[in-house]
Chemist: 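My structure is below; once you've seen it, I'll send some questions.
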Amino acid sequence: MNNYQDYEKKWQKIWSEKQIGFVDVLENKPKFFIIWAYLTVSGFHHIGHMRGFSYTDAIARYKRMLGYNVLLPAGGHATGNGAISKAMKVKEREPEVIKHYKEHGLEEKEIEQISTPNGFVDFFTKRYVKDYKDFGFLGDWRRFTVTTNKDYQKFIEWQFKKLKEKKLLIQKPYYATACVKCGPVAVDPSEMDLSKGGTAQKHEYTLIKLKYKEPNEYVVVVTLRPETMFGQTNVWLDYDATYVKIKVEDEIWIASKEFAEKIKFQKEKPSIVGEIKGTDLVGDYCFAPLIEKQVIILPSNFCDKKIGTGIVTSVPSDAPIDWMGLYDLQQSKELCDKYELDFEKIKQIEPIPIIKSKDFGELPAINLCKKLNVKSQKDTELLEKAKQEVYKKGFHTGVMLDNCDKYKGMKVEQAKEDIKKELISKNQADIFYDLSEEVVCRCGEKVVIKKVDDQWFIKYSDKQLTEKTIQHVKEMMILPEQLKQNFPKILEWFEDRACARQGSWLGTKFPFDESYTIEPISDSTLYPLFYLISLYTNQKIISLEQLTEEFFDYVFLNKGDLKELSEKIKLSEEIIKKIRTDVSYWYPLDVNLGGKEHQTVHFPVFLMNHVGLLPKEYCPQGIFVNWWVVSKFGKVSKSKGGIGNIKDEIQKYSVDAMRLFYANVANIFTDISFNEEDLNKYKQRLDKILLFFKNILDEKLSENKTNTDAWLQSKFNKRLKNIKKAMENVDFKSVTDDIYFNIYNDFTWYLNRGGNNKQTIFSLINKWILTFGLFTPHIAEELNEMLGNKYLVSLSSFPKEDATKISDALESQEKQIEDLLSDIRSVIKMSGLNKINKITLFVSENWKYDLYKDLEQLLNETQNVGQIIPKLTEKYYTHKKEVGSLVTRIIKNRSLLITTTKQKEQENLREAKVFLEKTFSAEVKVVFAEDTDNSKAKQALPGKIGILVE
RNA sequence: GCUGGGGUUCCCGAGCGGUCAAAGGGGCUGGACUUAAGAUCCAGUGCUUAGUGCUUCGCAGGUUCGAAUCCUGCCCUCAGCACCA
């Protein structure tokens with residue numbers, strides 16, 4: 001219907017020519033500095049990104065209209081593996097990948113370009129800026145930066161030098177999830193670094209050593225439940241399998257070959273020195289720690305060589321599968337004979353009660369197996385369920401029994417840790433990490449857990465830093481409020497974080513060891529600060545060589561001597577001073593807006609780095625979090641593909657409709673789903689508004705003013721007030737409800753009511769249009785031009801509400817007419833009359849107004865009906881009966897209590913008479929109840945007009 | 001499991017002690033306009049009734065003169081849980 005694309009382009013061009021988003025220091029103007037958390041360069045923007053971005057732009061536009069000097073810069077985060085692996089796939093011409101890019105309209109030449117990591121980053125970051133412009137964002141694109149740029153890397157080097165100075169950079173051993181070829185990778189559901197296994201969990205197991213025949217020779221098992229070691233009765237392994245002897249330091253460990261592969265990465269050069277068959281081990285004994293006893297090695301079919309060591313220590317009291325394994329053997333002499341075991345001896349093995357837990361007693365595994373009717377160790381599903389349940393109950397409600405030495409009476413939760421510690425200290429146990437499922441790197445190689453001896457960490461656990469950050473958070477504007485409340489907990493939970501890794505990644509070399517590259521989270525914490533530098537580096541006003549530690553110290557921390565610095569880096573004092581001024585003008589950052597995924601990782605490090613390295617006055621002022629755009633298939637994300645090619649969506653619905661959709665479909669703290677129906681709905685809404693304006697311009701308007709004009713003024717100003725308040729709370733849903741729906745409805749009512757005053761209408765719609773400038777800026781400019789205004793909405797002031805125009809009395813009067821209208825309708829409907837000729841309206845009897853007033857006052861004093869009624873019946877004794885029933889009714893339903901006067905009601909009706917007559921095409925008469933005998937007149941109450949239709 | 005968030009009338013989604021049968025939108029029904037369709041406008045949309053009354057806001061209790069809104073228990077659901085921005 002309307003050609004949105006045309007005027008979107010038109011206005012974007014005008015904004016761009018006026019360079020509205022390009023801002024510099026204006027000392028006489030207050031500043032507002034806002035960013036969205038920049039995103040990883042790994043492909044096209046999708047509709048999910050645009051949700052948060054358009055909020056950011058709306059806030060920026062709002063602040064600009066309030067008179068702030070607004071800086072909204074952007075950048076791209078290219079650190080890490082993303083671009084490398086994406087480019088690789090293009091280079092290898094993977095058909096799916098090539099198809100994807102072709103569908104997005106890439107030419108062969110461009111596909112060529114994105115086949116190298118740098119080309120990829122370059123292409124997409126340029127595309128991002130184009131997308132921002134296409135979406136009507138007014139940002140300072142001159143400052144655009146990418147984390148892989150050389151100048152940015154100088155900045156990160158500086159950051160790490162400062163961290164070290166502040167003793168926030170430390171080294172210690174670490175168990176990293178790592179690809180055997182590429183080095184450390186992130187194992188997380190986004191699968192940025194992976195091709196498989198994003199949901200895998202990293203478990204810390206306790207590795208138990210059971211002494212075998214030779215000195216220093218051990219059968220090793222792993223467990224998540226070290227506290228159950230008091231209940232060991234035997235050891236399980238696979239009779240038919242072959243195990244290996246692994247030399248670990250000066251010990252020999254017997255375990256599966258698969259385990260040997262894993263432990264290789266966690267111990268100093270282990271080597272396989274021999275083999276031993278399951279058949280050789282079964283029937284032998286080994287020495288179990290803690291219970292200090294020899295236990296027999298028995299065969300089972302549930303030992304998986306891929307899990308742990310492929311050998312299991314058996315605790316039948318608390319592990320259902322162990323119990324069933326034992327049960328199976330004890331039931332069958334044949335089976336024992338087969339394995340050359342002494343049946344009588346096997347039968348003597350008894351589970352040892354060690355933990356008492358709620359509901360399951362002292363032998364939870366056995367009790368639950370009975371309850372679930374598990375028949376043998378082959379009932380894998382049931383046993384898994386049983387295991388989960390016993391574990392859960394045991395962990396939360398379990399208490400160690402008397403035979404558990406010094407741990408008796410201790411809660412399982414606690415005993416678990418203490419026992420683990422004791423065993424390790426006695427060299428009877430060790431720590432072993434494993435993944436809960438198979439994980440494969442993007443390169444196709446296996447991901448394992450690898451011990452890094454001297455890993456670098458940022459010390460987020462630092463008590464002082466944590467405390468300082470918690471204090472700072474209290475002063476911040478963080479939305480949702482819920483997050484603000486959680487923040488202290490998040491910050492306390494936040495531990496040291498590995499900050500650099502080896503391998504070939506994009507990013508900044510770690511300044512204290514060039515073989516490391518700083519990892520993606522750690523190099524994107526202070527970046528808003530860098531937008532103040534990139535303005536100069538992008539324009540080549542400063543060279544790389546000039547970005548020294550001293551330079552950053554001076555401009556960010558005001559440290560050092562200007563003259564000395566200027567001479568040293570050969571940069572004019574003037575420019576250095578200018579940058580220093582920029583920093584002190586623009587910093588701190590006012591708002592960082594990001595998706596909910598940032599809550600527990602990005603935002604904490606963003607804050608802690610600011611708090612740790614910068615003076616207090618440069619610490620961020622606000623964090624806003626928006627939830628996601630989801631589809632039926634889950635989160636809309638780049639890696640999952642599917643819907644969300646923003647170019648197509650813009651064409652289909654228009655930018656304004658999309659921006660309005662994001663703002664209005666739900667509040668920002670809920671996931672929304674992107675569907676055609678909703679988008680169409682918002683496009684139609686814009687069509688409707690355009691049409692409304694066109695009609696208004698065609699309308700013949702008059703100079704006449706009535707109460708309705710005052711009413712519209714009141715409504716409009718009240719809404720304006722609400723809009724501003726809601727804007728401050730990023731309650732965009734409520735803001736857009738008012739702007740695009742409620743004000744529209746007010747105007748419609750006004751017009752239907754007969755309002756057509758030129759001055760009222762034009763003064764208000766000119767203001768109304770300005771409010772469109774936040775979420776639908778293109779249509780705002782277009783309408784504004786249509787009205788003949790020469791100024792730009794984007795550069796105008798946001799309309800101020802006129803509080804003197806707001807009148808609750810006027811609004812409630814009008815509400816009464818609205819209610820009356822609907823009452824008359826229902827009366828007509830119920831009368832069964834086909835045609836109405838006459839409507840008589842009765843204004844209530846005088847005494848009732850007085851009664852209402854008295855009642856209102858009494859209700860302020862007491863809620864006790866027993867006290868109120870006698871007082872009123874006394875005063876209104878002639879209407880004794882009516883008073884009783886009326887008062888009880890009102891107390892039951894307070895909304896009936898409308899205090900007004902007879903005169904006002906009559907006036908109100910008189911004014912609405914013409915309107916009512918026109919609406920119902922019938923004669924309308926207003927009559928005082930005192931002047932008639934009609935029973936309807938007696939029913940009339942203050943605020944409730946009696947109605948008779950004939 | 002831990003830590004948080006939710007469950008509202010056909011649907012989406014506001015509301016978070018009285019003004020709530022519950023905003024706004026969508027859908028549906030009826031009417032106006034139109035040759036017609038679409039768009040737009042107007043009305044209705046829990047059950048009932050000359051404008052009243054009755055029953056609703058996950059389930060079960062409780063506090064209060066009064067609860068969708070507060071408290072307790074339960075059920076169901078969603079998210080985050082670390083080298084992923």
Side-chain angles (χ1 to χ4, degrees), chain A residues 1 37-40 42 77 79-82 174 176-178 184-194 198 201-202 388 391-392 395-396 455 457 480 482-483 485-486 489-490 493-495 497-501 519-522 524 594-602 604 627-628 664-667 669-673 675 677-678 680-682 684-685 687-688 691-692 695 731 733-734 736-738 740-742 745 748 752 812 815 819-832 859 862-865 891-898 919 936 939 944-949:
Chain A
M1 174 180 172
Y38 60 15
L39 83 154
T40 305
S42 64
H77 186 254
T79 316
N81 191 18
Y174 180 63
T177 48
V185 290
V187 175
D188 71 87
S190 79
E191 300 194 339
M192 199 64 98
D193 296 346
L194 309 175
Q201 300 276 317
K202 183 164 93 180
Q388 298 284 346
Y391 187 89
K392 211 195 291 185
F395 184 79
H396 292 282
Q455 172 67 46
F457 288 84
Q482 204 51 239
L483 176 61
Q485 280 168 27
N486 291 343
K489 273 194 238 159
I490 296 174
W493 159 84
F494 213 95
E495 284 170 22
R497 191 179 177 96
C499 62
R501 53 193 190 183
E519 68 74 46
I521 298 276
S522 305
S524 42
K596 69 175 177 186
E597 70 278 20
H598 294 305
Q599 289 177 98
T600 47
V601 182
H602 175 246
W627 263 233
W628 289 340
N664 188 260
V665 77
N667 80 47
F669 314 123
T670 38
D671 290 336
I672 58 178
S673 56
N675 64 65
E677 236 172 80
D678 283 334
N680 271 326
K681 174 173 126 181
Y682 288 105
Q684 275 174 23
R685 180 50 39 173
D687 288 342
K688 208 160 155 173
L691 188 71
F692 173 88
N695 289 340
D731 186 357
K733 164 83 178 152
S734 157
T736 48
D737 268 349
D738 268 341
Y740 300 91
F741 297 96
N742 295 334
N745 291 347
T748 319
N752 285 342
S812 82
K815 179 84 173 47
D819 291 346
L820 179 64
L821 205 67
S822 141
D823 278 350
I824 296 175
R825 280 207 182 93
S826 67
V827 171
I828 291 175
K829 200 172 148 198
M830 272 169 252
S831 73
L859 280 171
T862 175
Q863 302 286 347
N864 192 330
V865 191
I891 284 171
K892 250 173 97 181
N893 180 4
R894 281 284 188 90
S895 62
L896 290 174
L897 188 64
I898 297 164
T919 307
K936 293 291 160 202
Q939 283 174 21
K944 193 88 193 154
I945 304 298
I947 301 164
L948 175 71
V949 299

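Residue numbering restarts at 1 for every chain, and letters A, B, ... go by the order of the sequence lines.
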Chemist: Looking at B:U55, which nucleotide sits across from it as a Watson-Crick or G-U wobble partner, both distances under 3.5 angstrom, or is there none?
Modeler: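 In the structure as shown, B:U55 has no Watson-Crick or wobble partner.
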Chemist: Which nucleotide, in any strand shown, forms a Watson-Crick or G-U wobble pair with B:A79, with both distances under 3.5 Å?
Modeler: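 Pairing partner: B:U3.
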Chemist: With both distances under 3.5 angstrom, what nucleotide forms a Watson-Crick or G-U wobble pair with B:G61?
Modeler: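 Pair assignment: B:G61 / B:C71.
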Chemist: Which value, rounded to the nearest 0.5 Å, describes the distance between A:L948 atom CG and A:Q939 atom CD?
Modeler: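 Between atom CG of A:L948 and atom CD of A:Q939 there are 10.5 Å.
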Chemist: Would you mind reading off the distance between A:H598 atom NE2 and B:A79 atom C1', rounded to a whole angstrom?
Modeler: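 One finds 15 Å between C1' of B:A79 and NE2 of A:H598, rounded.
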Chemist: Can you tell me how far apart OH (A:Y682) and CG (A:N664) are? Round to the nearest 0.5 Å.
Modeler: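 Between A:Y682 OH and A:N664 CG, I get 3.5 Å after rounding to 0.5 Å.
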Chemist: Would you please confirm or rule out a distance under 4.0 Å between OP1 or OP2 of B:U52 and any side-chain N or O of A:K944?
Modeler: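 Yes, such a contact exists.
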Chemist: Within the sub-3.5 Å range, which N or O atoms of nucleotides 25-28 of chain B have a protein N or O partner, and how far apart are they?
Modeler:
| residue | atom | partner | partner atom | Å |
| --- | --- | --- | --- | --- |
| B:G25 | O2' | A:K681 | NZ | 3.3 |

Chemist: According to the Watson-Crick and G-U wobble definitions, with both distances under 3.5 Å, which nucleotide is paired to B:G66?
Modeler: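 Pair assignment: B:G66 / none.
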Chemist: Go ahead and name the base partner of B:C41; Watson-Crick or wobble counts if both distances stay under 3.5 Å, otherwise write none.
Modeler: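 Its partner is B:G31.
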Chemist: Of the candidate nucleotides B:G51, B:A23, B:A85, which contains the atom at the shortest distance from the side chain of A:K733?
Modeler: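 Of the options given, the side chain of A:K733 lies nearest B:A23.
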Chemist: Describe the nucleic acid contact of A:Y38 in one word from base, sugar-phosphate, nothing, applying a heavy-atom distance below 4.0 Å.
Modeler: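 Result for A:Y38 = sugar-phosphate.
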Chemist: Is there a Watson-Crick or G-U wobble partner for B:C16 with both distances under 3.5 Å, and which nucleotide is it?
Modeler: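 Paired with no nucleotide.
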Chemist: Whether A:K829 contacts B:G51 is assessed here as follows: a side-chain N or O lying under 4.0 Å from the phosphate OP1 or OP2. Is that the case?
Modeler: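 No, no such contact exists.
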Chemist: Are any of A:N752's side-chain N or O atoms less than 4.0 Å away from OP1 or OP2 of B:C41?
Modeler: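 So the side chain of A:N752 is outside the cut-off, no N or O lying under 4.0 Å from OP1 or OP2 of B:C41.
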